[in-house]
Number of protein chains: 2
Amino acid sequence: MDKSQAKPALTRSFDLLRALATDESGENRLTDLARRAGLTPSTALRLLRGLINEGMVDYDEGRRQYRLGIEFFTLAARAGNPGNLRDLCRPVLLRLSATLHDTLFLLVRSGFDAVCLDRSEGPFPIRSFTGDIGGRVIMGVGQGSVAILAFLPEAEREEVIRFNLPRLYDQHRLDEVFIRGEIAAVRKLGYASRSSGLLPGMAGIAVPILDREGQAVAALSMGTTTERLNGERMPIVADILKREAETVSRLVNPFDPVLRRPAASLSGV
Amino acid sequence: MDKSQAKPALTRSFDLLRALATDESGENRLTDLARRAGLTPSTALRLLRGLINEGMVDYDEGRRQYRLGIEFFTLAARAGNPGNLRDLCRPVLLRLSATLHDTLFLLVRSGFDAVCLDRSEGPFPIRSFTGDIGGRVIMGVGQGSVAILAFLPEAEREEVIRFNLPRLYDQHRLDEVFIRGEIAAVRKLGYASRSSGLLPGMAGIAVPILDREGQAVAALSMGTTTERLNGERMPIVADILKREAETVSRLVNPFDPVLRRPAASLSGV
DNA sequence: AAAGATTTTTCTATTTTATGGAATTTTTAT
DNA sequence: ATAAAAATTCCATAAAATAGAAAAATCTTT
């Protein structure tokens with residue numbers, strides 16, 4: 001007879017933060033948040049005050065609206081994470097979007113999804129699954145996530161595929177044959193590309209960023225329109241992206257502290 | 001004899017996150033974090049595992065290093081974005097830095113400071129108080145924060161001035177007469193500018209972004225060198241910035257949900 | 001402007017979780 | 001191989017979190 005609805009305060013606090021982060025209604029009053037996070041109002045209030053104390057949540061007394069605090073943003077933006085992928089890739093993204101005249105994305109894996117860590121806009125408006133920074137996409141959808149998936153260690157890759165197959169089919173009508181075909185193609189070419197993607201008129205090309213074990217930790221991805229990515233341009237862009245991805249790979253923990261050998265490379269793939 | 005060392009788990013968890021975010025040593029093993037966050041190893045371990053479950057912290061088993069997780073950055077990317085200001089201003093910043101050939105900043109107020117929400121680099125290297133994204137500056141220092149300060153409601157403005165005067169003097173040798181003079185000038189002109197700033201050789205110009213009550217919520221700021229911002233160019237740039245700021249103002253919650261009237265404007269200031 | 005409805009906040013007895021130190025295992029350094 | 005350090009488990013006790021009731025504040029409607 002365990003009616004334990006008990007969850008540690010930490011979990012519930014992050015439920016609240018996520019409720020704030022994923023909000024699309026613009027309604028973030030106490031009751032809204034309590035409902036969306038599955039808490040009683042009194043519990044939600046106490047936790048929110050704790051979060052406000054930590055600077056993670058701001059409260060607009062006038063309109064009675066809670067929102068994620070600037071402190072949170074500051075903390076992350078200033079995170080002097082050496083080997084921080086986003087900082088390492090920022091100049092690469094800027095340079096590539098300037099020279100290629102297209103939009104560049106940096107994607108990393110997060111569980112069974114890929115998350116957009118950064119993007120740099122080109123002059124042409126595009127649509128993408130990844131969307132803005134922080135945007136998520138199921139691994140298997142879009143060139144970027146496929147590039148990562150293809151270069152995951154086999155056991156992990158299989159786990160991701162098995163978990164994602166139902167939602168890949170439900171949400172995108174992608175089946176196992178298609179996914180495995182894509183992965184095989186990416187592993188052969190060293191890059192992911194489809195001029196006829198799931199978004200009409202949109203095309204993209206992506207390469208993995210590998211860690212020192214040769215496993216994908218992220219992907220460098222370019223999004224553009226179908227007519228801007230013809231058969232002629234594709235291998236050229238692929239080469240440029242590969243080269244940049246290798247540069248980044250070498251910068252991510254340049255030497256393994258144990259093995260003392262340089263990072264893995266995609267050369268010859 | 002209250003030796004109460006008790007602190008809620010939430011606080012301690014954020015102590016750990018801050019320890020991770022502000023780390024400069026690159027040493028983030030359990031003991032390091034426990035020491036820096038002021039926790040016992042067993043407490044730190046339990047909390048870190050909770051944070052890992054939430055995706056806020058990643059653990060590299062091989063090297064026994066903790067680091068901030070993707071969820072943390074995902075949440076942070078959604079934070080500090082009142083009214084979607086950052087997203088709304090991103091294209092404006094890109095456009096302006098391209099056409100003006102200078103570096104653009106988006107600043108918002110955070111308590112008694114201003115925080116850099118975004119920036120877009122121009123071709124000329126500049127120095128600024130704001131520094132990088134996430135950087136802070138005392139309200140009253142630099143054109144951007146003064147632009148916000150000048151268009152705060154009077155009571156709030158006075159509160160900020162009173163609080164900040166000691167540190168403005170301690171850190172920057174700015175006294176009350178100077179600050180009040182600046183504010184008066186900004187309110188008269190509608191923009192903040194100093195060709196001879198506190199940073200030798202650096203100049204800047206900033207305009208407030210107003211909410212529907214006519215109160216500053218943010219500032220659009222251009223940073224450049226003294227020789228690039230002469231008396232001739234200044235009013236031109238000011239006009240361009242003002243126009244962009246008004247566009248943004250109108251987009252930030254275009255209609256008040258209660259009053260149903262458009263956002264305030266700086267026209268005629 | 002008053003009454004009703006909703007939301008926010010306070011309070012508290014009870015349940016649940018968090019705590020740090022001791023003991024144990026694992027890893028690292030010598 | 002041995003010692004030292006770090007990571008992890010365990011647990012009795014202390015502390016914090018919980019939900020509900022009730023009060024206060026706020027918003028709605030007339």
Side-chain angles (χ1 to χ4, degrees), chain A residues 1-20 23 25-54 56-67 255-260, chain B residues 1-20 23 25-54 56-67 213 255-261:
Chain A
M1 207 62 59
D2 178 19
K3 62 170 189 171
S4 159
Q5 316 144 310
K7 257 170 119 186
L10 187 70
T11 307
R12 311 183 104 135
S13 299
F14 281 108
D15 288 346
L16 279 169
L17 289 175
R18 268 185 288 268
L20 278 168
D23 166 65
S25 64
E27 288 300 314
N28 290 317
R29 296 186 319 200
L30 177 64
T31 335
D32 306 317
L33 290 171
R35 180 176 30 78
R36 296 215 303 272
L39 304 172
T40 62
S42 61
T43 298
L45 178 65
R46 186 173 31 78
L47 294 176
L48 282 167
R49 284 180 174 169
L51 290 168
I52 288 170
N53 259 322
E54 296 297 329
M56 297 299 137
V57 169
D58 288 345
Y59 182 49
D60 182 336
E61 282 199 44
R63 0 172 94 205
R64 303 174 164 250
Q65 290 284 317
Y66 294 88
R67 58 184 130 77
F255 287 97
D256 186 292
V258 179
L259 302 175
R260 297 279 161 200
Chain B
M1 208 59 57
D2 177 19
K3 63 170 188 170
S4 159
Q5 315 144 310
K7 257 169 119 188
L10 187 70
T11 307
R12 310 182 106 138
S13 300
F14 279 106
D15 288 346
L16 280 168
L17 288 175
R18 265 185 289 270
L20 276 169
D23 167 65
S25 65
E27 287 299 314
N28 291 316
R29 297 192 318 201
L30 177 64
T31 337
D32 306 316
L33 290 171
R35 181 176 30 76
R36 296 214 303 272
L39 305 172
T40 60
S42 61
T43 297
L45 177 66
R46 186 171 32 76
L47 293 176
L48 282 167
R49 285 180 172 169
L51 290 168
I52 288 171
N53 259 321
E54 297 296 330
M56 296 294 140
V57 170
D58 285 346
Y59 182 50
D60 182 336
E61 281 198 45
R63 12 168 86 196
R64 304 178 161 248
Q65 290 283 321
Y66 293 89
R67 60 184 128 75
E213 273 95 31
F255 290 96
D256 185 293
V258 179
L259 302 177
R260 298 276 161 202
R261 61 181 166 81

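So that the names make sense, note that chain A is the first sequence line, chain B the second, and so on, each numbered from 1. Hydrogens, waters and symmetry mates are skipped; everything else that's a heavy atom, side chains included, is used.
- Atom-to-atom, CG of B:Leu47 to C1' of C:dG20 comes out at 12 Å; the value is rounded to the nearest Å.
- Considering only side-chain atoms of A:Leu45, the nucleotide from C:dA18, D:dT8, C:dT10 that sits closest is C:dT10.
- Among the nucleotides D:dT18, C:dG21, D:dT8, the one closest to any side-chain atom of B:Tyr66 is D:dT8.
- Atom P of nucleotide D:dT18 and atom CG of B:Leu10 are separated by 10 Å, given to the nearest angstrom.
- Looking at the side chain of B:Thr40, the nearest of the listed nucleotides C:dG20, D:dT8, C:dT9 is C:dG20.
- For B:Leu48 and D:dT9, the CG to P distance is 13 Å, given to the nearest whole Å.
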**Report entry** Audit row: A:Leu48, A:Tyr66, side-chain contact (heavy atoms from CB on, under 4.5 Å) steps and yes/no
**Finding:** CA-CA 8 Å; A:Leu48 282 167; A:Tyr66 294 88; 3.8 Å; yes
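- Taken from CG in A:Leu17 to CD in B:Glu54, the straight-line distance is 9.5 Å, to the nearest 0.5 Å.
- Here the nucleotide nearest the side chain of A:Ser42, chosen from D:dA19, C:dG20, C:dT27, is D:dA19.
- Remark: P of D:dA5 and CZ of B:Arg64 are 16 Å apart, rounded to the nearest angstrom.
- For A:Arg46, counting side-chain heavy atoms from C-beta on, the closest listed nucleotide (D:dA17, C:dC11, C:dT7) is D:dA17.
- Taking CG from A:Leu20 and CG from A:Asn28, the interatomic distance works out to 5.0 Å, rounded to the nearest 0.5 Å.
- Computed from coordinates, the A:Gln65 CD to C:dT7 C1' distance equals 13 Å when rounded to whole Å.
- The distance between atom CZ of B:Arg12 and atom P of D:dA15, rounded to the nearest whole Å, is 12 Å.
- Rounded to whole Å, the distance from CG on B:Leu39 to C1' on D:dA6 is 16 Å.
- Look at B:Arg12 and B:Asp15 and you find no salt bridge, because none of the NZ, NE, NH1 or NH2 atoms lies under 4.0 Å from a carboxylate O.
- Side-chain N/O atoms of B:Arg35 include none lying less than 4.0 angstrom from OP1 or OP2 on D:dA6.
- Projected onto DNA chain D by closest heavy-atom contact, A:Gly38 and A:Gly62 fall at different nucleotides, the more 5' of which corresponds to A:Gly38.
- A 4.5 Å side-chain heavy-atom check between B:Leu39 and B:Leu33 finds every atom pair outside the cut-off.
- In this structure, A:Asp15 places its CG atom 15 Å from P of D:dA17, rounding to the nearest Å.
- Backbone-only contact: B:Arg29 has heavy atoms under 4.0 Å from sugar-phosphate atoms and none from a base.
- When heavy atoms are screened at a 4.0 angstrom cut-off, B:Arg49 is found touching the sugar-phosphate backbone but no base atom.
- Both A:Thr31 and A:Ala9 sit near DNA chain C, but only A:Thr31 has its closest nucleotide nearer the 5' end.
- Picking from C:dT9, D:dA19, C:dT19 the nucleotide with the shortest atom distance to the side chain of A:Thr43 gives D:dA19.
- With distances taken from any side-chain atom of A:Pro8 to the nucleotides C:dT17, D:dA19, C:dT19, the minimum falls on C:dT17.
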